[in-house]
Amino acid sequence: MNRCTAEPTTTPFRIEVVDKENGWPVPLVFLETTHHLKFVTDNAGLIAIDTPELLDREVYFHVRSDGYEVPADGFGYRGLRLRPTLGGSARIEVSRTMLAKRLGRLTGAGQFAHSQRLGEDLEWQESGVFGSDSVQTIVHRGKRFWLWGDTTLAKYPLGIFDSSSATTSLQPLDLPQPPVRLQYDYFRDDKSNLRGVAPMPGSGPTWLSGYLSLPDETGDQKLVAFYAKIKPPLEAYERGLCVWDEETDKFQQLKVLWNKTVNDEVPKVLPQGHPATVTDADGQRWILLGDPLPTIRFPATFEAWQDPAKWEPLSPQKTIPAAEDGKPIEPHSGSIAWSEYRRRWVTVFVQRFGEPSLIGEVWYAEADAPTGPWENAVKVLSHAQYTFYNPRIHADLTQTDSPVLLFEGTYTKEFSGNPSSTPRYDYNQMLYRIDLDEVCKVHDLDSP
């Protein structure tokens, strides 16, 4: 007698972690066994388990994630028991404890590593980038340009130290919710290898800021930036201006503003940070630069950008009062944008010397003018022992009058005191979402 038997499955056990409120997948959730084997959800909120010692037996998983949790038991442990089996699955619901909603990782390798082991998201293509520091982005000549600082590759930690860059369509996100699948078209060399785009003369890394697309006197758009040359540990020894060469797809040095060997005293007015554009009552368009609050402004033209005589220094407030108790919060880094929905200027910034993380507590605040006064600071994101810096608001990645505000920043263990790096996520860009109606309701802010 012939007997039919089913083929044994080799598909790993599928764990899906979702937000209890909306069912969205939650990236960056840790599951840890009692013998300290750690797993981290990917951009689709998935974990694939085929570890032999965990299969076909009851396993307790501690569950932890900045901003998300499961209920604690009588001993204070937050976790649950599962029985992993090949081909099996489980769903874990976590409750959000912060105002920001984590949408996913935008850079780095293995964004869908667990998904692909489970036979899902197989169309996702790896870029070759393993780590990216501090994003700059601007729309230029019909495309969205992206630029990052020091970039980690598989072959070396500082694989690119003169800024990596890429382009996307103007609206590269389908919806402002997870899973995030943002595919970049990186600039590469003639052998398809990733390359830098800002080879400024001098030793050490090149960092760019103040990424802008400005019209010259003929109406031609110029992609420009301010550069800094860096020597160990993190000291800038030269600052200047650079302009994008449309033929070589690289930045070319235009002007040195300051060099330490020539003049040891740093100029009082040095443009840096993220830009915002504002039009005054006379119809004059201005560029404001700051990190986060504006420290300088100049007319929105290529000619004014390169003329220090046209740069007007601004004096940003040193602290922003918290909405809850008026406590002064000192900004460390961030950006500003106009919110059509709130009919006010908004900022997302990292707190200097925050708690519990030194440079990982992220706040939101508002003002009637880009120069302030800024008020009603509300904490929207917190990290237990990790750093999150240089948040960039993406006001133009949602509808003009949307109540949703998106921002991304660099997630890294640097400056945190944490001895362990989060696999795949460390030193990469994370995207978050703030629902402004929720912020206003929780903290009793004025309705738009």
Side-chain angles (χ1 to χ4, degrees), residues 132-138 140-141 145-151 158 160-166 187 195-217 220-277 286-292 294-314 316 333 335 389-390 392:
S132 297
D133 188 19
S134 296
V135 73
Q136 298 275 323
T137 182
I138 198 72
H140 176 67
R141 297 192 177 188
F145 278 67
W146 305 77
L147 182 138
W148 301 270
D150 301 336
T151 301
L158 196 58
I160 298 174
F161 56 86
D162 50 4
S163 300
S164 59
S165 183
F187 290 100
R195 64 170 174 85
V197 297
M200 299 299 110
S203 62
T206 302
W207 295 351
L208 303 188
S209 65
Y211 210 33
L212 291 162
S213 180
L214 296 171
D216 66 13
E217 58 187 3
D220 187 34
Q221 290 293 129
K222 303 287 188 180
L223 182 63
V224 302
F226 300 92
Y227 77 84
K229 295 296 297 183
I230 307 298
K231 66 179 181 180
L234 295 172
E235 181 186 358
Y237 68 86
E238 181 177 288
R239 296 185 184 272
L241 310 178
C242 56
V243 181
W244 184 256
D245 186 321
E246 302 288 347
E247 294 185 1
T248 63
D249 288 334
K250 291 181 180 180
F251 279 99
Q252 302 292 333
Q253 184 185 58
L254 178 68
K255 180 188 296 185
V256 175
L257 297 173
W258 166 79
N259 186 290
K260 189 173 182 179
T261 60
V262 177
N263 184 356
D264 190 53
E265 183 179 351
V266 180
K268 293 182 179 180
V269 180
L270 275 176
Q272 57 186 339
H274 294 291
T277 304
W286 297 86
I287 298 297
L288 290 80
L289 285 176
D291 189 19
T295 57
I296 188 174
R297 77 167 190 169
F298 51 83
T301 67
F302 178 62
E303 289 73 25
W305 165 81
Q306 60 184 297
D307 182 2
K310 300 290 179 64
W311 303 347
E312 299 181 20
L314 302 172
S333 61
S335 57
Y389 58 64
N390 294 346
R392 175 65 158 94

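Keep in mind that what you see is a predicted model, and the values were worked out from it rather than measured. We use all heavy atoms of the structure for the numbers below, so side chains are in, but hydrogens, waters and symmetry mates are not.
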Peer 1: Any side-chain heavy-atom pair from V197 and R195 closer than 4.5 angstrom?
Peer 2: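 With C-beta onward as the side chain, the pair touches.
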
Peer 1: Please round to the nearest 0.5 Å and tell me the distance separating atom OH of Y389 and atom OG of S333.
Peer 2: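 Rounded to the nearest 0.5 Å, the OH-OG separation comes out at 9.0 Å.
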
Peer 1: Working to the nearest 0.5 angstrom, can you tell me the gap between L270 CG and W258 CH2?
Peer 2: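 Atom-to-atom, L270:CG and W258:CH2 are 8.0 Å apart.
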
Peer 1: For residues V224 and F251, determine if any side-chain heavy atom of one lies less than 4.5 Å from a side-chain heavy atom of the other.
Peer 2: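 When only atoms from C-beta onward are counted, F251 and V224 do not touch, as no gap falls below 4.5 Å.
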
Peer 1: Only distances under 3.5 Å count here; give the side-chain donor-acceptor pairs of residues 239-248 to other protein atoms, sequence neighbours excluded, each with its distance to 0.1 Å.
Peer 2:
unit_1 : atom_1 : unit_2 : atom_2 : d
D245   : OD1    : E247   : N      : 2.8
D245   : OD1    : T248   : N      : 3.3
E246   : OE2    : H140   : NE2    : 2.8

Peer 1: Which pair of non-hydrogen atoms, one from S164 and one from T151, has the smallest distance, and what is that distance?
Peer 2: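 In this case the closest contact between S164 and T151 is OG-OG1, 2.7 Å.
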
Peer 1: Checking F302 now: which residues fulfil ring pair (Phe, Tyr, Trp, His ring centres under 6.0 Å) with it, not counting sequence neighbours?
Peer 2: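 F302 satisfies ring pair (Phe, Tyr, Trp, His ring centres under 6.0 Å) with W305 only.
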
Peer 1: Measure the shortest side-chain to side-chain distance between I287 and L214 over non-hydrogen atoms and say whether it is less than 4.5 angstrom.
Peer 2: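 Counting from C-beta outward, I287 and L214 do come under 4.5 Å.
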
Peer 1: With the threshold set at 4.0 Å, does a side-chain nitrogen-carboxylate oxygen contact exist between R141 and D220?
Peer 2: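 Looking at D220 together with R141, the answer is yes, because their closest N to O distance falls below 4.0 Å.
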
Peer 1: Mind listing the closest non-hydrogen atom pair of P316 and T295 along with its distance?
Peer 2: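 Scanning both residues, the minimum pair turns out to be CG-CG2, 3.8 Å.
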
Peer 1: Once rounded to the nearest 0.5 Å, what's the spacing between atom CG of L289 and atom OH of Y211?
Peer 2: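 If we round to the nearest 0.5 Å, L289:CG and Y211:OH are 14.5 Å apart.
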
Peer 1: For K255, look at atom NZ and say whether over 12 heavy atoms of other residues, nucleotides or ligands are found less than 6.0 Å away.
Peer 2: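 Yes - once you tally the heavy atoms of other residues, nucleotides and ligands closer than 6.0 Å, there are more than 12.
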
Peer 1: Does the side chain of K222 come under 3.5 Å of the side chain of S213 through a donor N or O and an acceptor N or O?
Peer 2: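 There is no such pair (donor and acceptor under 3.5 Å, judged by atom type) between the side chains of K222 and S213.
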
Peer 1: Any donor-acceptor pair under 3.5 Å linking the side chain of W311 with the backbone of A304?
Peer 2: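 Checked: pair present.
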
Peer 1: CG/L257 to OH/Y227 distance, rounded to the nearest 0.5 angstrom?
Peer 2: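 Between atom CG of L257 and atom OH of Y227 there are 7.5 Å.
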
Peer 1: Under the 3.5 angstrom rule, does the side chain of W146 hit a backbone N or O of V135 as a donor-acceptor pair?
Peer 2: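 A pair under 3.5 Å: no.
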
Peer 1: P271 and S209: which non-hydrogen atoms are nearest, and at how many Å?
Peer 2: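 Shortest heavy-atom contact: O-OG, 4.5 Å.
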
Peer 1: Kindly compute the distance separating CZ (R392) from CG (D291), expressed to the nearest 0.5 Å.
Peer 2: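 Spacing of CZ (R392) from CG (D291) equals 11.0 Å.
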
Peer 1: Nearest 0.5 Å please: distance from the CD1 atom of I296 over to the NZ atom of K310.
Peer 2: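 Answer rounded to 0.5 Å: 13.0 Å.
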
Peer 1: Can you check whether E238 reaches M200 side chain to side chain, under 4.5 Å on heavy atoms?
Peer 2: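 No, their side chains stay 4.5 Å or more apart.
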
Peer 1: Contact between F145 and Q136 at the side-chain level, heavy atoms closer than 4.5 Å - yes or no?
Peer 2: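 SC-SC contact between F145 and Q136 ruled out.
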
Peer 1: For S163, does its backbone N or O pair with a side-chain atom of T206 as donor and acceptor, under 3.5 Å?
Peer 2: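 Side chain of T206 to backbone of S163: no pair is present.
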
Peer 1: With the side chain counted from C-beta on, respond yes when W286 and P299 share a heavy-atom pair under 4.5 Å apart, and no when they do not.
Peer 2: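 When only atoms from C-beta onward are counted, P299 and W286 do touch, with a gap below 4.5 Å.
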
Peer 1: Flag yes if more than 12 heavy atoms outside F161 fall under 6.0 Å of its CZ atom; otherwise flag no.
Peer 2: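 Atom CZ in F161 is not crowded, with 12 or fewer foreign heavy atoms closer than 6.0 Å.
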
Peer 1: Less than 4.5 Å apart, any side-chain heavy atom of T261 and any of Y237?
Peer 2: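 Of all side-chain heavy-atom pairs linking Y237 with T261, none is under 4.5 Å.
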
